[in-house]
Each structure stands twice: as structure tokens, then as C-alpha cells.
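Here the structure is laid out as C-alpha cells; the discussion comes afterwards.
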Amino acid sequence: MLNYFRWWCRCQRITNQSKGQDGGWITITTGWFIAVVIGVFVAQSAGAPNADINPAVSLAKYILGYYSLAAMLCVMAAQFIGAFLGAIIVWLAYLPHWKITEDPLLKRAVFCTTPAIRHYPSNLLCEIIATALLVFGVGAIFGHASMHHPASGMGPYLVGVLVWGIGLSLGGPTGYAINPARDLGPRIAHFIYQLLEKANQIGYMLGYL
């Protein structure tokens, strides 16, 4: 669910002849907020009490002793597989738009983040800061620093607002990946999509010959 909403927002903003084309940064960050909220609710309803949808959060919980190594790896595997499958469903949902969207960089931007200015040290630092804010923010929301935990059902909304704020404030330089699964899984899906496109082109050339 996280990836469906997130990448559908990017698709409608980027792909040609979409009714939401050129919707602006606010549509992406708002879609990301909704994606996180619904993603956490779905994870909880599916029987995952911790509702982890981000490997960075899962790693922090492992370091703090909430997870065993095996449990962390299982959760991370589910996160990466979910992100990969989500990217495929998004590709299918916007299938007619890929052919009329000629810019390959725009197509790639649907599936993964790209820095506004490619400067690897600065890009890495920005992602580290944003991810650290996410992890510490989630810890503060559900931790013992507050007098009481969030009221029942409020946790996902608070995490969504946190992600929304990170996107609005720190998303500009790199596109705020802040979720290794959400970024890597769709990258792999995009790589496979490129291979299929090249195979089709070779097939057309051989057919022409």
C-alpha cells in the first residue's frame, strides 16, 4: 500500500497526458503522507503489530534489541518484496502512458529518487539527516519520553505527518528516499522494465530484417 499511493502520485504528476500531470511537489508529499498512514494500518490489520514498512526503522529496532537478527531479516525481506511488487502494479496501472512519455529520465523518476544536484557527499548527508529524523521521530512518537502513548489509532497519522514534514522540508535536494526498500525495490523493477523494452526493440529490429 505504501508504494501504490506513493508511486501513483509520481506517475500522475510525471507521465504524459495524465490528468494530474505537473501537479507539483505538494501532491507527491501529500500522497506520501497518505501512503504511510494507509501502509501502517494495512500492516497492522495483516497481523504485524510493529507495522514496520521501512528497513531503517527495523534496523533501529534490532540495534535496540526489539528484534532478533533473523526476525529483522525476515521483516526486511517482506519490505523489499512488497516494494518491488508495488512498483509492478503501478507500472500496470499507468501502462498506456509509458509509450507516450518519451523522456527516459522521467520514467525512471517514477520508480526511484534522483538528486536535484548530483553531489554524492551532499546527497548522502541529506539522506542520512532525513532518515535519522524519521527514525528518531518514530521513536519519540511511540517511545517512553511522552507521558502516554498515542491514543489508539493515532500512531499511523502521526508517523504520516512526520514523513510529510520531512518531504516538505528536506525532500528538495534528493527526493527523500528515507526508505531503502521503497527505493531499491522499484529500482529493480525499473531495471527489469528497461530490459523488456530493449528486448522488444531488438525483436522489432529482427522482425523488420
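- For K107 (side chain) and T101 (main-chain N/O), a donor-acceptor pair under 3.5 Å exists by modelled atom type.
- Counting only heavy atoms from C-beta outward, the side chains of P55 and M72 never approach each other to under 4.5 Å.
- Contact detail for G175 and T113: the closest heavy-atom pair is O-CG2, 3.5 Å.
- Salt-bridge annotation for R187 and D183: present, with a side-chain N of the basic residue lying under 4.0 Å from a carboxylate O of the acidic one.
- F136 and L158 fall into different hydrophobic clusters, where Ile, Leu, Val, Met, Phe, Trp and Tyr residues are linked whenever their side-chain heavy atoms come under 4.5 Å apart, directly or through other members.
- Among pairs with a residue in residues 40-50, none fulfils salt bridge (Lys or Arg N to Asp or Glu O under 4.0 Å), at least two apart in sequence or across chains.
- In this structure, the separation between CG on L95 and NE2 on H97 is 9.5 Å, given to the nearest 0.5 Å.
- Following chains of ILVMFWY side-chain contacts shorter than 4.5 Å, one can reach I166 starting from W25, so the two form part of one hydrophobic cluster.
- The minimum heavy-atom distance linking V37 with G160 is given by the pair CG2-CA, 3.9 Å.
- Relative ring orientation between H190 and F111 is described as tilted, the plane-to-plane angle lying within the 30° to 60° band.
- Remark: side-chain polar atoms of N179 are paired, donor with acceptor, to backbone N or O of I53 under 3.5 angstrom.
- Listed by first then second residue, pairs satisfying salt bridge (Lys or Arg N to Asp or Glu O under 4.0 Å) with a partner in residues 51-72 read D52-K61, not counting sequence neighbours.
- One distance of note links CZ of F80 with CG of L85; it measures 13.5 Å at 0.5 Å rounding.
- The distance from atom CG of L92 to atom CD1 of I88, rounded to the nearest 0.5 Å, is 7.5 Å.
- For T29 against W164, the heavy-atom pair with the smallest separation is O-CD1, 3.4 Å.
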Query - Check against side chain to side chain contact (heavy atoms under 4.5 Å, CB included), R182 and N54 - result: CA-CA 8 Å; R182 196 274 301 164; N54 189 328; over 6 Å; no
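- Linking Ile, Leu, Val, Met, Phe, Trp and Tyr residues whenever their side-chain heavy atoms come within less than 4.5 Å leaves I117 and L125 in two separate clusters.
- When all heavy atoms are compared, the tightest approach of F142 to V159 is CE1-CG2, 3.5 Å.
- I188 is connected to L196 through a chain of hydrophobic side-chain contacts under 4.5 Å among Ile, Leu, Val, Met, Phe, Trp and Tyr, so both are in one cluster.
- Using a 4.5 Å heavy-atom threshold, the side chains of L134 and L162 count as touching.
- Ring centers of Y157 and F41: under 6.0 Å apart, within the cut-off.
- One N or O on the side chain of S45 and one on the backbone of V42 form a donor-acceptor pair closer than 3.5 Å.
- Distance CG/L133 to CD1/I178: 9.5 Å, rounded to 0.5 Å.
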Query - From CA spacing to verdict: side chain to side chain contact (heavy atoms under 4.5 Å, CB included), Y67, N50 - result: CA-CA 10 Å; Y67 282 145; N50 291 315; 3.3 Å; yes
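- In the hydrophobic clustering of ILVMFWY residues, with side-chain heavy atoms under 4.5 Å counting as a link, Y120 and Y176 come out apart.
- Under a 3.5 Å cut-off, the side chain of N123 and the backbone N or O of R118 do not form any donor-acceptor pair.
- Closest non-hydrogen pair, L170 versus C126, comes out as O-SG, 3.7 Å.
- Put simply, the residue from I38, V161, V163 that forms a side-chain contact (heavy atoms from CB on, under 4.5 Å) with F33 is V161.
- Among residues two or more places apart in sequence or in another chain, the side chain to side chain donor-acceptor pair (under 3.5 Å) test is passed with S122 by H119.
- Summarising the geometry of V75 relative to S58, their closest heavy-atom pair is CG1-OG, 3.6 Å, with the distance given to 0.1 Å.
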